[in-house]
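The model shown is predicted, which means the values in this text are computed figures rather than measured ones. Only this structure's heavy atoms are used, side chains among them; waters, hydrogens and symmetry mates stay out.
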Amino acid sequence: MFQLLVGFWIMNLGSPIVKHFFEVGNLALSNNIFTDLYIAVLAMYGIQEISVGRRTHHSKQILLGGLAIIAPILLSLLALGLIANPKTMMFAANLAMVIPTIMLAENGLLLYIGVFFYLFRNNRPLQCLTVLVFAFLDAGINSGFAFTGFLISQALQTDLISGGQSSLTTF
């Protein structure tokens, strides 16, 4: 896991260099695959520690596993709280360059799909259900209206928002 963390740091240092030499208008380069990989592997490590701790009755391992799963989520919430305050915004940005957080991960919360695949590695129907649940969550999150835009067209959304003043007629 340390190698993934080092990869995260190197990419964070390398991104500004790449931005300096290869500029594409106002487009910002913010992808860092090592963030996703580190958080996913940390969560899978947490699951493994919990299962070993339960099997051997070591509460310390169970606690360590739970912490490995929850820490990235808590750190992301902390970073979001710090970004919301203008006085701590730069501190939060610098913290996010050193500590991998879900909010800056390329796939956000969707990176946990791999964790659920690992958790359900011996149960194919639950893996399929995981894909279905994450697909619906992604569709709802990416609609822009948290499920209110789910399964309706962009034209209909525009018509609903504008109060029927657009050129949309009937279906």
Side-chain angles (χ1 to χ4, degrees), residues 1-19 28-147 150:
M1 273 195 306
F2 183 70
Q3 290 89 350
L4 292 173
L5 188 58
V6 170
F8 166 78
W9 291 332
I10 290 171
M11 275 198 74
N12 279 339
L13 292 174
S15 287
I17 296 168
V18 170
K19 285 182 209 175
L29 179 65
S30 63
N31 296 354
N32 189 339
I33 187 64
F34 291 103
T35 307
D36 290 14
L37 293 173
Y38 180 79
I39 292 172
V41 169
L42 185 65
M44 287 181 245
Y45 168 77
I47 291 169
Q48 193 64 35
E49 285 296 304
I50 289 172
S51 68
V52 169
R54 286 180 63 199
R55 200 171 32 249
T56 60
H57 304 292
H58 287 104
S59 58
K60 184 178 177 183
Q61 275 187 303
I62 295 171
L63 183 63
L64 181 66
L67 188 62
I69 294 170
I70 293 177
I73 297 169
L74 295 177
L75 287 170
S76 292
L77 293 174
L78 173 69
L80 281 174
L82 291 172
I83 284 176
N85 185 349
K87 293 179 182 178
T88 58
M89 190 181 309
M90 280 308 294
F91 174 72
N94 291 330
L95 182 69
M97 295 293 286
V98 178
I99 300 172
T101 59
I102 295 170
M103 71 172 201
L104 292 179
E106 202 168 329
N107 294 306
L109 284 174
L110 295 178
L111 69 90
Y112 280 101
I113 194 169
V115 176
F116 281 98
F117 281 166
Y118 177 73
L119 187 62
F120 302 137
R121 63 189 173 273
N122 298 323
N123 192 332
R124 185 69 62 193
L126 283 178
Q127 285 182 332
C128 292
L129 182 64
T130 298
V131 170
L132 186 67
V133 168
F134 272 87
F136 277 107
L137 286 174
D138 187 46
I141 290 168
N142 288 332
S143 71
F145 296 100
F147 289 110
F150 187 61

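Here L78 contributes atom CG and I73 contributes atom CD1; the two are 14.0 Å apart, rounded to the nearest 0.5 Å. Rounding to the nearest 0.5 Å places CH2 of W9 at 11.5 Å from CG of L4. With values rounded to the nearest 0.5 angstrom, L77 atom CG is found 11.0 Å from I70 atom CD1. To the nearest 0.5 Å, atom CG of residue L126 and atom CG of residue L119 are 8.5 Å apart. Atoms CD1 and OG1, from I99 and T35 in turn, are 12.0 Å apart once rounded to the nearest 0.5 Å. Taking CD from Q127 and CZ from F120, the interatomic distance works out to 9.0 Å, rounded to the nearest 0.5 Å.
Considering every non-hydrogen atom in both A68 and G46, the closest pair reads CB-CA, 3.9 Å. Smallest separation of non-hydrogen atoms from M97 and F8: O-CE2, 3.5 Å. When all heavy atoms of V98 and L5 are compared, the pair lying nearest together is O-CD1, 4.5 Å. Of all heavy-atom pairs spanning A96 and T101, the tightest one is CB-OG1, 4.5 Å. Nearest approach of V115 to I47, heavy atoms of both residues: CG1-CD1, 3.4 Å. Smallest separation of non-hydrogen atoms from I69 and A43: CG1-O, 3.7 Å.
Counting non-hydrogen atoms of neighbouring residues, nucleotides and ligands closer than 6.0 angstrom, the CE atom of M90 reaches no more than 12 such neighbours. For F116, the CZ atom counts as loosely surrounded, since its 6.0 Å shell holds 12 or fewer non-hydrogen atoms of other residues, nucleotides or ligands.
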Should I39 and Y112 be marked as a side chain to side chain contact (heavy atoms under 4.5 Å, CB included) after you check the CA-CA gap, both sets of side-chain angles, and the distance that decides it? CA-CA 8 Å; I39 292 172; Y112 280 101; 3.7 Å; yes

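The side-chain hydrogen bond (donor to acceptor under 3.5 Å, both in side chains) pairs that include a residue from residues 114-123 are Q48-Y118, where partners are two or more places apart or lie in different chains.
Across E49, R55, R54, a single residue satisfies side-chain hydrogen bond (donor to acceptor under 3.5 Å, both in side chains) together with Q61, and that is E49.
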